[in-house]
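Sequence lines set the chain letters: A, B, ... in the order given, protein chains first and strands last, and positions in each chain run from 1.
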Protein chains: 2
Amino acid sequence: MQTRPIRADARRNRDLLVTAAMAVIAEEGPDASLNEIARRAGVGPGTLYRHFPTRDALLAAVSEGRLARLRARADELAEAMPPGEALVAWLRLLVVHAMTDRGLGARMMVAAPSSAGVDCWAMLRDAAERVLGPAQRDGSVRADVEAADLVELAAGIAQGAADAGRAERLLMLTLDGLRLAGGRAEGFSPRS
Amino acid sequence: MQTRPIRADARRNRDLLVTAAMAVIAEEGPDASLNEIARRAGVGPGTLYRHFPTRDALLAAVSEGRLARLRARADELAEAMPPGEALVAWLRLLVVHAMTDRGLGARMMVAAPSSAGVDCWAMLRDAAERVLGPAQRDGSVRADVEAADLVELAAGIAQGAADAGRAERLLMLTLDGLRLAGGRAEGFSPRS
DNA sequence: ACCTGAACACCGTTCAAGT
DNA sequence: ACCTGAACACCGTTCAAGT
């Protein structure tokens, strides 16, 4: 499959759209008007639809750079501190990311990859594994925890919390667990 | 403050609206068209706005009965089984509730009470306390956990999980905590 | 091959006119 | 005191016509 050269005006319009989308979404959140974004980019609505057939495709394009940065940060943290600490520090970043732009981040953590073009879900799982693996080998985290668990929990915390302070508290509760340190009550373990 | 008698047609229209809203929202979720709901109730859009000035006010009215039932179930469970088990069983119900009607439940757990008329948030916290209190006195749960934590965590899990199976897993992870049972790694506790 | 922008159906919301 | 429904501004989405 040979790829055709991309026309310069098409490439330029795509960039204009993503830039405009970042600005409008920062102001109005992920449900911002698509016509408004096209207007701000200086193109017709049809051009927006040609480049991004669904809203999620556009949102994914907006998120792509942030996700790449989040993955890079995972590597940096894993190198800079003990595995347990690196995991916690990265989870904090993940929750903050999920809360940015009125929940754009969290929305992309749940979105179906099919409609998106950029597979946000895979990028996040990939990033999570870089801090999760060491923490498990180190013995800080149970071996049965998966990268997907971390991503979904972070997305959930971001959406369930009213503000950043509450999110931090929920994250700590999740890490420590709600049960009493030490004795595990009987009915309190998963029923199989 | 004496309350005036409510006109029979007004009362009737209100009931028609709530019933229609339940049906439409069950099909299309909490973002369903308000005009469609009014149409289905057989009233003009103006009548809907007269009874429910905001969308959240209507959604709260739809949720009211379910929340009352959830509170009653908390009492029943607390009476029927040991505190730790009752808490887990009720949290399962809470997560299921949060997932019904494409996230209507979860949305009402986060919604600002001001706009709603019915204070869903307070009803849920009240219900949560009925299972949380005994579990804490019993020693199954840490004393510093609050009812609000349970509600926000359940709402988060419901929104972060793709389906019921994932939600159950996230709930169990949250209850148990992610860290290794026994030894707590250093960087793994809240930094003050 | 890509872009434009008018056009369509629909939505939330308001408000003059009715009873 | 409450209801009606036409009306307005806006939104998502499409598509014939252009370059």
Sugar-phosphate, base or nothing in reach of Ala38(A), heavy atoms under 4.0 Å: nothing
Sugar-phosphate, base or nothing in reach of Thr47(B), heavy atoms under 4.0 Å: base
Report the distance from atom [atom1] of [X] to atom [atom2] of [N], rounded to the nearest whole Å.
{"X": "Leu58(B)", "N": "dT13(C)", "atom1": "CG", "atom2": "P", "value": "12 Å"}
{"X": "Asp31(B)", "N": "dG12(C)", "atom1": "CG", "atom2": "C1'", "value": "12 Å"}
{"X": "Asp15(A)", "N": "dC3(C)", "atom1": "CG", "atom2": "P", "value": "12 Å"}
{"X": "Phe52(B)", "N": "dG12(C)", "atom1": "CZ", "atom2": "C1'", "value": "17 Å"}
{"X": "Leu34(A)", "N": "dG5(C)", "atom1": "CG", "atom2": "P", "value": "18 Å"}
{"X": "Arg55(B)", "N": "dT14(C)", "atom1": "CZ", "atom2": "P", "value": "14 Å"}

Given [options], the nucleotide with the shortest approach to the side chain of [X]:
{"X": "His51(A)", "options": "dC3(C), dG12(C), dT4(D)", "value": "dC3(C)"}
{"X": "Asn35(B)", "options": "dG12(C), dC3(C), dT4(D)", "value": "dG12(C)"}
{"X": "Arg50(B)", "options": "dC2(D), dC3(C), dT13(C)", "value": "dC2(D)"}
{"X": "Asp9(A)", "options": "dG12(D), dC11(C), dC3(C)", "value": "dC3(C)"}
{"X": "Arg39(A)", "options": "dC11(D), dG12(C), dT13(D)", "value": "dC11(D)"}
{"X": "Pro45(A)", "options": "dA6(C), dT4(C), dC2(C)", "value": "dA6(C)"}
{"X": "Asn13(B)", "options": "dC3(D), dT13(D), dT4(D)", "value": "dC3(D)"}

NZ/NE/NH1/NH2 to OD/OE distance under 4.0 Å, Arg71(B) and Asp75(B): no
Electrostatic pair Arg107(B)-Asp101(B), nearest N-O below 4.0 angstrom: no
Nucleic acid contacts - residues 17-25 of chain B versus DNA chain D, non-hydrogen atoms under 4.0 Å: none
Stem segments of DNA chain C by first residue number [Watson-Crick or G-U, under 3.5 Å, at least 3]: C:4-8 with D:12-16, C:12-16 with D:4-8
Arg55(A) side chain vs Pro30(A) backbone, donor-acceptor pair below 3.5 Å: yes
